[in-house]
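These notes concern the structure reproduced below.
For ligands, and for the atoms within them, numbers begin at 1 and follow the listed sequence.
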Amino acid sequence: MASLLYLAGGLLSLATLGVAKKCTCGDFSGLTLPNIEVLSLDVAVNRTTVAESPGGHSTSVRFCQVSIQYTHPGQNDAITTWIGLPLREAEWNGRFLMEGGGGWQAGSPRNVLGPVSNGYTSSSTDGGLNTTATAAEWGMVSEGNVNWPAIIDFSSVALDEAARLGKLATELYFGKGLEYSYWSGCSTGGRRGHMMAQRYPENFDGIVAGCPAFNWHRFVMAEVWPPLLAQFLDTRPPSCVLDAFTAAAIEACDELDGVGNVDRFFLQGVDEYTSVIGTDNPDLTGLRKAGGKVLAWHGLADTLIFPNGTIDYYERVVEANKNVSDYYRFFLAPGVGHCSGGSGPNPSAYLLDTVRAWVENGIAPETLPGTGAAVAGTNKTATRTLQLCRYPSVLTYVGADPNDSASFTCV
Ligand SMILES: *[C@@H]1O[C@H](CO)[C@@H](O)[C@H](O)[C@H]1NC(C)=O
Ligand SMILES: *[C@@H]1O[C@H](CO)[C@@H](O)[C@H](O)[C@H]1NC(C)=O
Ligand SMILES: *[C@@H]1O[C@H](CO)[C@@H](O)[C@H](O)[C@H]1NC(C)=O
Ligand SMILES: *[C@@H]1O[C@H](CO)[C@@H](O)[C@H](O)[C@H]1NC(C)=O
Ligand SMILES: *[C@@H]1O[C@H](CO)[C@@H](O)[C@H](O)[C@H]1NC(C)=O
Ligand SMILES: *[C@@H]1O[C@H](CO)[C@@H](O)[C@H](O)[C@H]1NC(C)=O
């Protein structure tokens with residue numbers, strides 16, 4: 001009896017000490033969801049080099065990599081999701097963090113590397129896209145027929161599932177639940193962050209969403225419209241003609257008129273894709289109830305996704321929800337480009353710490369630090385760090401030294 005107890009105690013302490021699992025398929029045999037059929041599961045220890053900032057050092061990360069391929073029975077789709085876990089419990093910070101996405105790319109195995117090398121568990125998904133095929137190839141099942149399951153997987157469903165599979169894998173591997181979960185992304189990743197906040201508010205305690213591409217159903221239509229029209233009219237105007245048109249449009253700036261059919265297809269496209277990939281629903285009741293926090297930001301010098309769309313969304317969020325600042329805060333970064341670039345103070349390096357402090361310690365951000373080039377210097381590497389203002393307040397210069405954050409205030 002005593003020896004049995006001793007044995008049981010020994011096993012217990014092995015478990016609580018977090019002796020490494022073997023990182024084999026057996027650790028993840030329970031990894032599935034009710035609506036999916038697992039097609040394959042690969043588990044292996046992976047050692048990969050992570051390049052830090054350009055010119056910086058590279059570090060080697062050793063982690064447990066899980067690749068799961070699955071289908072939604074009947075939909076003829078195939079989604080690959082990658083999960084990364086620190087090998088040992090002692091290397092894990094108790095948290096889950098998802099990042100990434102860009103353009104028509106849902107994610108990649110490399111998206112787990114940053115989080116894992118910082119102690120998080122993480123996951124990423126290909127969203128069901130055949131990454132070696134073009135959007136025209138995977139996006140249509142036949143001439144004129146859209147591959148809706150693939151588009152829905154990419155837009156939302158596969159992301160929700162990647163979050164749930166990643167969290168489940170964490171629990172299976174470490175034998176205990178996680179303390180906090182986070183989303184951090186910019187551009188398509190910023191749209192995703194909003195998709196999570198709007199449709200799957202239970203998935204994340206904290207969401208960082210930068211320069212969000214959430215009017216996707218409108219701006220992708222806007223982007224494909226000129227080439228489509230060129231094809232219809234069988235003409236490709238030279239740039240001098242386009243310049244003349246632009247000048248004339250600015251000059252006239254009158255209402256659209258006489259364009260007839262130009263409009264119908266545009267509106268039809270917007271309408272068809274809104275429910276699928278539109279991510280501009282301002283109703284955040286679910287997020288408020290789930291207790292999640294969203295830290296949103298946009299660079300004012302973003303020429304790819306215009307900051308006004310995010311301002312417009314924020315105004316609608318304020319209108320549709322009570323006490324918005326309890327769970328959604330929005331910052332503008334003057335002079336900062338699309339997620340990076342530009343000469344202004346970029347908040348990227350501070351976002352995750354800021355949302356974590358909000359979620360874990362209740363410190364709601366009044367301002368958000370951002371770092372950019374020092375002003376009027378000859379030293380190209382010198383920087384300044386300013387405190388960005390919470391919208392609608394505006395960063396205003398009131399002091400004498402533009403390099404000094406104390407010279408600015410929020411008005
Ligand atoms: C190891 O991980 C990296 C990054 O996630 C991935 O690109 C690579 O394919 C993995 N190697 C193997 C053998 O799976
Ligand atoms: C992906 O697309 C390429 C190019 O169209 C095709 O050759 C390949 O079979 C596709 N792969 C899958 C898994 O459908
Ligand atoms: C963006 O919003 C500002 C403030 O409302 C307005 O002055 C500006 O014209 C807008 N820009 C565009 C491109 O719509
Ligand atoms: C908004 O905040 C006030 C003050 O904290 C509180 O009394 C009120 O119940 C909140 N309303 C909602 C809908 O949460
Ligand atoms: C800002 O700081 C840089 C680097 O220290 C310096 O070269 C530059 O003169 C400063 N600008 C002003 C306006 O003081
Ligand atoms: C330029 O600024 C960087 C960062 O502040 C500093 O490390 C470096 O010494 C400066 N170089 C000169 C020549 O002042």
Subject >> Over-ring placement of R329 relative to W358, 6.0 Å and 45° cut-offs >> reply: yes
Subject >> Donor-acceptor under 3.5 Å (Y173 side chain, L168 main chain) >> reply: no
Subject >> Exam field: side chain Y313 to backbone N281, donor-acceptor pair closer than 3.5 Å >> reply: yes
Subject >> Atoms of ligand 5, numbered as shown, that sit under 4.0 Å from any heavy atom of A382 >> reply: 4 (C)
**OP:** Pull out every atom of ligand 5 sitting under 4.0 Å from any heavy atom of P402, numbered as shown with elements.
**Re:** 13 (C)
Original post:
Heavy atoms of the protein only: does one fall short of 4.0 Å from atom 14 (O) of ligand 1?
Top reply: yes
**OP:** Please check atom 7 (O) of ligand 6 for a protein heavy-atom neighbour under 4.0 Å.
**Re:** no
**OP:** Kindly confirm or rule out an SG-SG distance below 2.5 Å between C389 and C410.
**Re:** yes
Subject >> Test: C23-C64 SG spacing under 2.5 Å >> reply: yes
**OP:** For Q65, take its heavy atoms, then give the atoms of ligand 1 lying under 4.0 Å from any of them.
**Re:** 1 (C), 2 (O), 5 (O), 10 (C), 14 (O)
Original post:
Short list, please: which atoms of ligand 1 are under 4.0 Å from a heavy atom of T48?
Top reply: 1 (C), 2 (O), 3 (C)
**OP:** Could you tell me whether E360 and R95 make a salt bridge, using a distance below 4.0 angstrom between a side-chain N and a carboxylate O?
**Re:** yes
Original post:
Is R390 salt-bridged to E366, going by a charged N under 4.0 Å from an acidic O?
Top reply: yes
Subject >> Polar atom proximity, L113 to ligand 1 (N or O, under 3.5 Å) >> reply: no
Just need the protein heavy atom nearest to [atom], so name the residue and atom and give the distance.
| atom | result |
| --- | --- |
| atom 9 (O) of ligand 1 | N46 ND2, 4.9 Å |
| atom 3 (C) of ligand 6 | T381 OG1, 3.6 Å |
| atom 5 (O) of ligand 1 | P109 O, 3.0 Å |
| atom 2 (O) of ligand 5 | N403 ND2, 2.2 Å |

Original post:
If you measure from each non-hydrogen atom of N379 to ligand 5, which part falls under 4.0 Å: side chain, backbone, both or neither?
Top reply: neither
Original post:
With a 3.5 Å cut-off and no angle check, do the side chains of Y328 and H194 form a donor-acceptor pair?
Top reply: yes
Original post:
What do you reckon, is CG of D401 surrounded by more than 12 foreign heavy atoms closer than 6.0 Å?
Top reply: yes
Subject >> Nitrogen or oxygen of V375 less than 3.5 angstrom from that of ligand 5 >> reply: yes
